[in-house]
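Here the structure is laid out as C-alpha cells; the discussion comes afterwards.
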2 protein chains.
Amino acid sequence: MAKRAVLGTLGDVDIRLLRVFVVVAECNGIAASELELNIGKSTISRHISDLEKRIGLRLCDRGPSGFNLTSEGRQVLDHTRQLLLQIDEFQSQIDSIQRNLKGTIRVGIFDQSSTNPNGRLHQAIAEFDEIAPDVAINILLDSPSALEAGVTSGALDLAVVPNYQPSSALRYRPLYTESMCLYCGQGHPLFGLSDAEVQDRDVDLSAYKYAGYGFNSPNMRAGHKLRVKRAAQVKDEEALALLIQSGRYLGYLADHVAVGLGAAQSVWPVLRDQTAYSVQFAAVVRKRPEPDRKTTAFLECLTSAHSPAD
Amino acid sequence: MAKRAVLGTLGDVDIRLLRVFVVVAECNGIAASELELNIGKSTISRHISDLEKRIGLRLCDRGPSGFNLTSEGRQVLDHTRQLLLQIDEFQSQIDSIQRNLKGTIRVGIFDQSSTNPNGRLHQAIAEFDEIAPDVAINILLDSPSALEAGVTSGALDLAVVPNYQPSSALRYRPLYTESMCLYCGQGHPLFGLSDAEVQDRDVDLSAYKYAGYGFNSPNMRAGHKLRVKRAAQVKDEEALALLIQSGRYLGYLADHVAVGLGAAQSVWPVLRDQTAYSVQFAAVVRKRPEPDRKTTAFLECLTSAHSPAD
DNA sequence: ACCAATGTTTCCTTTTTGTGAAACTTTAGA
DNA sequence: TCTAAAGTTTCACAAAAAGGAAACATTGGT
C-alpha cells in the first residue's frame with residue numbers, strides 16, 4: 001500500500017473492534033468473552049486497547065481486580081450499540097433490495113406467435129409474478145425486427161422472437177420451436193395429394209399463387225427459398241389462413257394453426273418433406289449494458305416455463 | 001490470520017468500499033473519481049466490483065460507453081449515504097464524550113494548608129471550570145492521612161497533601177513547597193537571639209515546652225527529630241500560633257504564617273539553620289484503577305496553576 | 001479505420017491486520 | 001505467603017487488503 005488515501009483519515013472506526021468491545025462489555029471481562037468471541041485473550045486485549053487508542057478514551061478498568069466499564073465506556077457502549085443496529089439495518093436494507101424487485105419490465109412479443117401451444121408465456125408471467133410481485137409487466141406486440149430494435153435501443157428489456165438472423169449485440173436464449181409447412185386449402189389443385197403424387201407430377205410450386213407476410217420474418221425467408229412469387233401480402237396469420245383456406249393460394253402455416261383449422265378437412269400440407277421447416281423462438285436481451293435483475297429474473301422464468309421438466 | 005472468527009461472517013460491510021462507491025457515483029465515473037480519491041483506477045475498479053460481489057448487486061454500468069447507476073445502485077447509494085451519515089454521527093458522539101467531562105470530582109485538601117500563598121488551588125479550580133464546566137467539584141478538608149486513605153479507597157478522586165511517607169499505591173505530583181521553621185513568641189527566653197547566640201549558649205531545645213499537631217504530619221515528624229517533648233497538642237494552625245505567641249512554647253510554623261503574624265515583632269525563628277525544613281505539597285491520585293478523565297484534567301489544572309510559567 | 005478515453009484484468013509489492021504462544025505483572029483469596 | 005486468575009506485552013507469522021503498472025478490451029468520435 002503506497003499511502004493511505006485521504007479517506008477516513010480520522011474516522012472509519014473499525015467496526016470489528018466495536019463489535020469486540022460490545023461482546024467484552026456484555027461478558028463483563030476479557031476472559032469471559034474468549035469463548036463467545038472464539039479469539040485468544042491476548043488478541044482481545046490488544047483489540048480493546050487499540051480501540052481505546054483510536055477513540056482516545058479509556059473504556060474500562062480491567063485486570064485481576066475485576067472488570068468495570070468507565071463512565072466513558074458506558075457512554076461509548078450505548079452509542080456503539082446504536083451504530084451496530086444501524087449497520088444491521090443497512091444490511092437488511094441491502095438484502096431487501098436484493099429480494100424485492102421493483103419497477104417496470106417491458107417485454108416484446110412477436111405479434112403472430114401468440115397462438116402456439118408451445119409458447120408458455122402465460123406460465124412464465126405467473127412464475128415471475130410469484131417472485132417479483134412488485135414489478136409491473138408491460139407487454140408489447142410487434143414484428144421481430146421492430147422488437148429486436150427495441151431491445152437493442154433499450155426501449156424493451158426483453159423480447160420473444162423467432163430466432164433468425166441473430167444480432168451480435170443481442171443474447172438469445174432458445175425457448176421453443178414451431179414447425180411450419182406449406183399448406184393449400186380445399187379446392188386447390190394440390191389439395192389431397194400426397195408428397196409422392198406431387199413429386200410424380202413434377203409440380204412447379206412457383207406456378208401457384210403464394211401468400212405470405214409482408215415483413216421480414218422466417219415465413220418470408222421460406223417463401224424466398226421456394227422461389228414462389230408472392231401474390232398476396234398479409235399482416236397477420238388469420239388473414240393468411242383465410243387466403244389459404246380459399247383454395248387459391250399456397251402459404252406457410254404453423255402446424256398448430258393448421259390443426260386448429262381442422263387439419264385435413266380444411267387445409268392440406270404440400271410436399272411436407274421439402275417444405276417443412278421449424279422456427280426456433282428465443283428470448284432475446286441485449287448484451288450490454290447487461291440486463292437488469294428483473295429482466296434476468298424474467299428470463300429465468302421464461303426458461304423454466306419452457307424447460308422440458310415442466 | 002489463523003481463521004476469521006465468527007464475527008461479521010456475512011456483514012461488516014467494508015465502510016471503505018462504500019465510501020469509494022459514493023465518491024465514484026458522485027464523480028459519475030471511475031476516471032473522474034481518480035483525482036478525488038487519489039487512488040489508481042485499477043484499484044477503484046476492483047473496489048467497486050468487490051463491493052458488488054459483497055452485496056450481490058450490480059451497482060452501475062460503466063465502461064467506455066459511459067457511467068450509469070443501475071436502479072439498485074441508486075437505492076444502495078441512498079442507503080449508503082445514510083449509513084455514512086450515521087457513522088459520522090457516531091464519530092461526533094465519541095468526540096463529544098471526549099470533549100465534555102461530566103460528573104462530580106471529589107477533591108481533598110489538607111485542612112491546615114489553605115493559607116499558604118503558594119497554593120494556587122483557587123486558580124486551578126478556575127481553570128478546571130473553564131474546560132469542564134459540567135463537572136461538579138466537591139471539596140473536603142481533612143488530615144493528610146485521612147485524605148490519602150480516601151484517595152486509596154476511591155472515596156476521593158484527588159487530594160492535595162504534604163508529601164511525606166509516600167504510599168506505593170498512590171501517585172504524587174509535586175505542586176509547591178512550604179518552608180517551615182521552629183518559632184518562639186515574644187517573651188520566650190530564645191526570642192530575639194540569633195542562631196549564633198543560641199548555639200554559643202549550647203541551648204537544649206528539649207528543655208522548652210513544645211507545641212505541635214496531634215496527628216501524623218510533617219510537623220509531628222519534625223518535632224520528633226528535635227527530640228522535644230510535646231507539652232501541648234493542637235488541631236489547627238491558629239491554635240498553634242496562639243500558643244507560640246504566648247511566649248511559652250516553641251513550635252513549628254510555616255514561614256508565611258509567621259510573616260502574617262507580623263514576623264519579628266510577634267514570633268521569632270529559633271536556630272533557623274538547623275530547624276528549618278520545607279514540606280512539599282503534592283497532588284495525589286491513586287495508581288489503579290487509573291484516575292478518570294476529569295481527575296486527570298483537574299490534576300493538569302493543578303499542575304499548570306503551580307508551574308513557574310504562571 | 002484509427003485514436004482517445006474508460007474500464008478491466010493480471011501480476012506483483014507493500015502495509016496492515018489478526019492471531020496464538022509464552023513470559024510477565026498484578027491482585028484477590030485461601 | 002503462596003497460588004490461581006485476569007490482563008498485558010512481546011514475538012513471530014500468515015493472510016488479507018490496498019495499491020500500482022501494464023497489457024487488454026470496448027466504444028464513441030473523428
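A note on names: the letters A, B, ... follow the listed sequences, proteins ahead of strands, and every chain is numbered from 1.
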Select base, sugar-phosphate, or nothing to describe what A:Gly29 touches, counting heavy atoms under 4.0 Å on all strands. sugar-phosphate

Tell me whether B:Arg19 is salt-bridged to B:Asp88, with the criterion being a basic N under 4.0 Å from an acidic carboxylate O. yes

Roughly, in whole Å, what's the span from CG in B:Asp14 to C1' in D:dA16? 11 Å

Atom pair distance, as rounded to whole Å: CG in A:Asp50 and P in D:dG7: 17 Å

Below 4.0 Å: OP1/OP2 of D:dT10 and any side-chain N or O of A:Arg46: no

If I take atom NZ in residue A:Lys41 and atom C1' in nucleotide C:dT25, what distance separates them, rounded to the nearest angstrom? 12 Å

Has the side chain of A:Lys287 got a donor or acceptor atom that lies under 3.5 Å from a matching backbone atom of A:Ser168? yes

Within the 4.0 Å heavy-atom criterion, would you say B:Thr43 contacts the bases, only the backbone, or no part of the nucleic acid? base

Checking C:dT17, C:dT6, D:dG7 against the side chain of A:Arg54 (C-beta onward), the nearest is C:dT17

Hey, are A:Arg81 and A:Glu26 close enough for a salt bridge, meaning a charged N less than 4.0 Å from a carboxylate O? yes

How close or far is atom C1' of D:dG28 from atom CZ of B:Phe67, stated in whole angstroms? 18 Å

Can you tell me the distance, in whole Å, between the CD atom of A:Glu34 and the C1' atom of C:dT19? 12 Å

Kindly write out the residues that satisfy ring pair (Phe, Tyr, Trp, His ring centres under 6.0 Å) with A:Phe21, not counting sequence neighbours, or none if the list is empty. none

Polar side-chain contact B:Ser42-D:dA21 base: donor and acceptor under 3.5 Å: yes

Does a side-chain N or O from B:Arg16 land closer than 4.0 Å to OP1 or OP2 of C:dT16, or not? no

Taking for A:Gly40 and for B:Ile48 the nucleotide of DNA chain C with the nearest heavy atom, the one nearer the 5' end belongs to B:Ile48

So A:Ser65, base contact, sugar-phosphate only, or nothing? Heavy-atom distance under 4.0 Å. sugar-phosphate

Between B:Arg62 (CZ) and C:dT6 (C1'), how many Å, whole number? 11 Å

Look at B:Asp134 together with B:Lys102 and state whether they make a salt bridge at an N to O cut-off of under 4.0 Å. no

Using whole Å, what does the distance between atom C1' of nucleotide C:dT9 and atom CD1 of B:Ile44 come to? 16 Å

A:Arg288 CZ to D:dG28 C1', straight-line distance once rounded to whole Å: 14 Å

Does D:dA17 have its OP1 or OP2 closer than 4.0 Å to a side-chain nitrogen or oxygen of B:His47? no

Need to verify one output field. Residue with the more 5' nearest nucleotide on DNA chain D, B:Leu17 or A:Ser49? A:Ser49

